[in-house]
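See below for the structure under consideration.
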2 protein chains.
Amino acid sequence: MMESVGGEGEEVVRNKQVILKDYVSGIPKETDFEIKTGEARLKVEEGSGGVIVKNLYLSVDPYMRLRMRKPQPNPSYFSPFPPGSVMMGNGVGRVVDSGHPNYKKGDLVRGITGWEEYSVITAPESLHKIQTTDIPPSFYLGILGTPGLTAYVGLHEICSPKEGEYVFISAASGAVGHIIGQLAKLKGCYVVGSAGSDEKVDLLKSKCGFDEAFNYNKEQDLDAALKRYFPQGIDIYFENVGGKMLDAVLLNMRLHGRIAVCGMISQYNMDKPEGVKNLMLLVYKRLRMEGFMVSAYYDLYPKFLDEAISYIREGKIVYVEDTVEGLESCPGALAGLFEGRNVGKQVVRVGQD
Amino acid sequence: MMESVGGEGEEVVRNKQVILKDYVSGIPKETDFEIKTGEARLKVEEGSGGVIVKNLYLSVDPYMRLRMRKPQPNPSYFSPFPPGSVMMGNGVGRVVDSGHPNYKKGDLVRGITGWEEYSVITAPESLHKIQTTDIPPSFYLGILGTPGLTAYVGLHEICSPKEGEYVFISAASGAVGHIIGQLAKLKGCYVVGSAGSDEKVDLLKSKCGFDEAFNYNKEQDLDAALKRYFPQGIDIYFENVGGKMLDAVLLNMRLHGRIAVCGMISQYNMDKPEGVKNLMLLVYKRLRMEGFMVSAYYDLYPKFLDEAISYIREGKIVYVEDTVEGLESCPGALAGLFEGRNVGKQVVRVGQD
């Protein structure tokens with residue numbers, strides 16, 4: 001069977017791409033990536049069923065680091081990016097051409113795409129059309145996307161918060177953390193977050209309505225800090241960090257407390273994770289610690305979306321986005337997540353609509 | 001107000017006692033205790049409301065080690081035994097005299113008592129009368145007591161086992177472990193236990209009906225051992241051990257697995273517990289890990305007792321008891337728990353009925 005390649009009248013444009021050079025150890029650096037310039041065709045191949053998308057916003061997320069590791073001896077839960085390939089992640093884009101009946105030129109979509117200017121989506125069933133017109137499309141990478149659903153599921157499905165309960169959130173100014181805190185406030189909880197700079201602490205208190213927040217970099221003793229902010233102890237801990245923070249939190253949980261384990265960003269760049277020593281407190285305090293992945297809860301997305309859109313329209317939730325410009329900014333933005341440079345959800349604007 | 005002490009006609013007998021000399025660090029040794037010989041009066045003081053019990057069987061349990069530590073900086077969940085005091089624990093005894101309307105001379109009771117020949121129970125509301133006559137009274141320290149209820153609650157309330165699920169139990173030949181395994185078999189689960197000697201492994205397989213068992217002392221690599229016994233992975237882990245065993249188990253849990261944390265005996269003699277490194281697997285595998293203390297479930301005791309008595313009478317559960325003779329054996333029996341010397345529930349017979 002012959003394929004027609006670059007046939008007559010077909011528009012071909014420049015396509016810059018971010019390539020992961022090799023598996024990464026330690027904190028990711030900009031030099032772990034290279035920017036290549038290739039070409040993209042703006043017409044789908046006849047009969048392919050694919051969709052060509054012009055990427056507008058790309059999402060930069062901590063879990064990506066877990067896909068940059070060498071294949072692990074035990075089953076890997078995030079399949080490694082092949083060295084030399086284009087980075088992949090969530091994005092928002094505009095359909096340029098479609099061979100799929102569900103999508104037409106001009107549709108605004110979100111879904112898994114490449115870190116490049118134009119992507120060919122070969123399985124467009126994974127895309128979702130964006131229907132709202134009054135909300136910035138990039139919100140679908142954050143509060144209305146995976147981070148938002150993660151916050152919603154982690155709080156409501158895993159922790160079942162009750163009014164008046166004491167909630168602690170680590171990495172609280174991150175994409176998930178600052179949403180969790182606001183959802184917990186809407187439930188009538190007392191909410192404290194930890195973050196890595198005074199600017200972030202200020203943001204949590206002044207913009208996101210947290211009752212308290214502290215800069216963990218300024219605390220010699222995390223246990224003492226938690227005792228200061230939670231003299232009565234913690235009912236719900238939303239775990240984004242792991243390691244020493246988890247050990248300190250275990251010391252401060254209340255009887256029948258719940259820990260939703262969403263991630264452990266402090267451990268992602270370590271070859272061997274730190275040991276957590278205070279697990280016997282699970283027994284003494286009858287704690288429940290539960291890991292979850294948002295992918296198991298996609299059926300809740302429509303319900304969540306309705307709720308979250310209302311919250312945004314009514315101004316009940318503030319969404320904090322950290323946007324940098326241009327595809328070339330992607331490597332630095334990813335590295336920045338592990339240095340705590342981002343404030344809120346990290347997004348890269350890669351194209352003009 | 002005058003008290004009558006050793007009044008006319010009052011019988012006074014020898015009362016040997018086991019005294020904890022001081023707080024213990026490291027593995028408890030027989031020399032951490034001394035045997036003192038005092039006297040006991042066999043009549044309650046008039047108006048005291050207390051009960052005098054002749055102790056018949058004393059229970060020797062791993063949690064006792066946690067009461068032998070120095071007071072801890074963070075709240076202690078087992079109050080330390082005061083140095084120089086008589087050891088306390090569960091026991092079965094015969095009422096010798098009673099100032100309490102619920103008890104009369106001759107009643108067989110179980111409850112918290114002293115490591116001594118005769119004890120004055122000043123709050124007899126904590127005692128329970130033993131009603132059965134066809135079951136050895138010492139069973140009320142094991143399968144019909146706290147260890148049995150712990151197994152029942154841990155399995156049913158925390159793990160909700162389903163037929164055909166894969167269950168792993170560490171310290172499986174211990175007081176709780178060998179009962180859990182049999183309850184899980186009754187539920188139609190596939191059950192594997194680990195224990196510290198070939199004799200115990202043999203017992204689990206031949207007497208307790210475990211599908212498999214292994215001697216962890218003979219395994220270089222616990223992860224590899226678990227992969228051999230659970231090629232499909234583990235749905236339910238009953239945690240009695242902690243440390244390296246927990247890390248190996250986390251590598252082998254299946255999606256949506258449940259870990260009931262009952263205790264972590266490998267850690268009790270350490271000043272600083274070992275770190276557990278594989279907690280990120282809670283996220284990947286959406287695991288739930290839940291600590292519990294049997295004391296929160298005493299309301300289930302009557303239901304449990306009925307069930308367990310039927311199982312014993314019908315021969316559906318085998319109960320393994322390790323009985324040593326004489327109050328002087330108590331210190332060695334306690335030390336033996338941490339050297340894995342006991343096979344099944346450790347009990348000391350301290351008096352003839």
Side-chain angles (χ1 to χ4, degrees), chain A residues 63 66 72-78 150 154 157-158 223 227 233 239-240 242-244 246-248 250-268 270 272-297, chain B residues 63 66 72-78 150 154 157-158 223 227 233 239-240 242-244 246-248 250-268 270 272-297:
Chain A
Y63 82 86
L66 300 169
Q72 303 290 301
N74 267 286
S76 177
Y77 299 89
F78 291 106
T150 302
E157 301 294 311
I158 310 289
D223 176 28
K227 287 194 165 41
E239 167 67 302
N240 290 309
K244 291 180 185 64
L246 178 54
D247 261 335
L250 285 165
L251 293 171
N252 289 283
M253 291 298 290
R254 300 177 94 179
L255 215 59
H256 298 297
R258 290 136 274 156
I259 300 176
V261 190
C262 175
M264 297 188 163
I265 193 172
S266 74
Q267 309 295 301
Y268 294 174
M270 296 180 178
K272 285 192 189 289
E274 279 179 292
V276 171
K277 295 179 193 302
N278 293 332
L279 291 175
M280 188 60 194
L281 291 165
L282 295 177
V283 180
Y284 298 148
K285 300 180 176 183
R286 305 106 206 241
L287 305 178
R288 180 161 55 78
M289 193 166 161
E290 190 164 351
F292 72 103
M293 301 247 284
V294 68
S295 48
Y297 297 91
Chain B
Y63 82 86
L66 300 169
Q72 302 290 301
N74 267 287
S76 178
Y77 299 89
F78 291 106
T150 301
E157 301 295 311
I158 310 288
D223 175 29
K227 286 195 167 40
E239 168 67 303
N240 290 310
K244 291 179 186 64
L246 177 54
D247 261 334
L250 284 165
L251 293 172
N252 289 282
M253 291 298 289
R254 300 177 95 179
L255 214 60
H256 299 296
R258 289 137 274 158
I259 299 177
V261 190
C262 174
M264 297 189 163
I265 193 172
S266 74
Q267 309 296 302
Y268 294 175
M270 297 180 178
K272 284 193 189 288
E274 279 178 292
V276 172
K277 295 180 193 300
N278 293 331
L279 291 174
M280 188 58 194
L281 291 165
L282 295 177
V283 179
Y284 297 149
K285 300 181 177 184
R286 304 103 205 243
L287 304 178
R288 180 161 55 78
M289 193 166 161
E290 190 164 349
F292 72 103
M293 302 248 284
V294 68
S295 48
Y297 296 91

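Scope of the values below: all heavy atoms of this structure, side chains included, with no hydrogens, waters or symmetry mates. To find a chain, count down the sequence lines: A is the first, B the second, and so on, and within it residues start at 1.
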Does any backbone or side-chain atom of [X] lie under 4.5 Å from a heavy atom of chain A? Answer side chain, backbone, both or neither.
X	result
Ile158(B)	neither
Leu279(B)	both
Gln267(B)	neither

Aromatic contact, Phe78(A) with Tyr284(B) (centres under 6.0 Å) = yes
Heavy-atom pairs under 4.5 Å with chain B are the metric here; pick the option from Arg258(A), Met264(A), Met293(A) that has the most.
-> Met293(A)
Under 3.5 Å, side chain of Lys285(B) to main-chain N/O of Leu250(B), donor-acceptor pair present?
-> yes
Assess whether side-chain contact (heavy atoms from CB on, under 4.5 Å) is satisfied between Leu281(A) and Met253(A), documenting all intermediate values.
-> CA-CA 9 Å; Leu281(A) 291 165; Met253(A) 291 298 290; over 6 Å; no
Among Leu246(B), Asn278(B), Val276(B), which has the most heavy-atom pairs under 4.5 Å with chain A?
-> Val276(B)
State the CE-CE distance between Met270(A) and Met280(B), to the nearest 0.5 angstrom.
-> 13.0 Å
Using a 4.5 Å cut-off on heavy atoms from C-beta on, say whether the side chain of Val261(A) contacts that of Leu287(B).
-> no
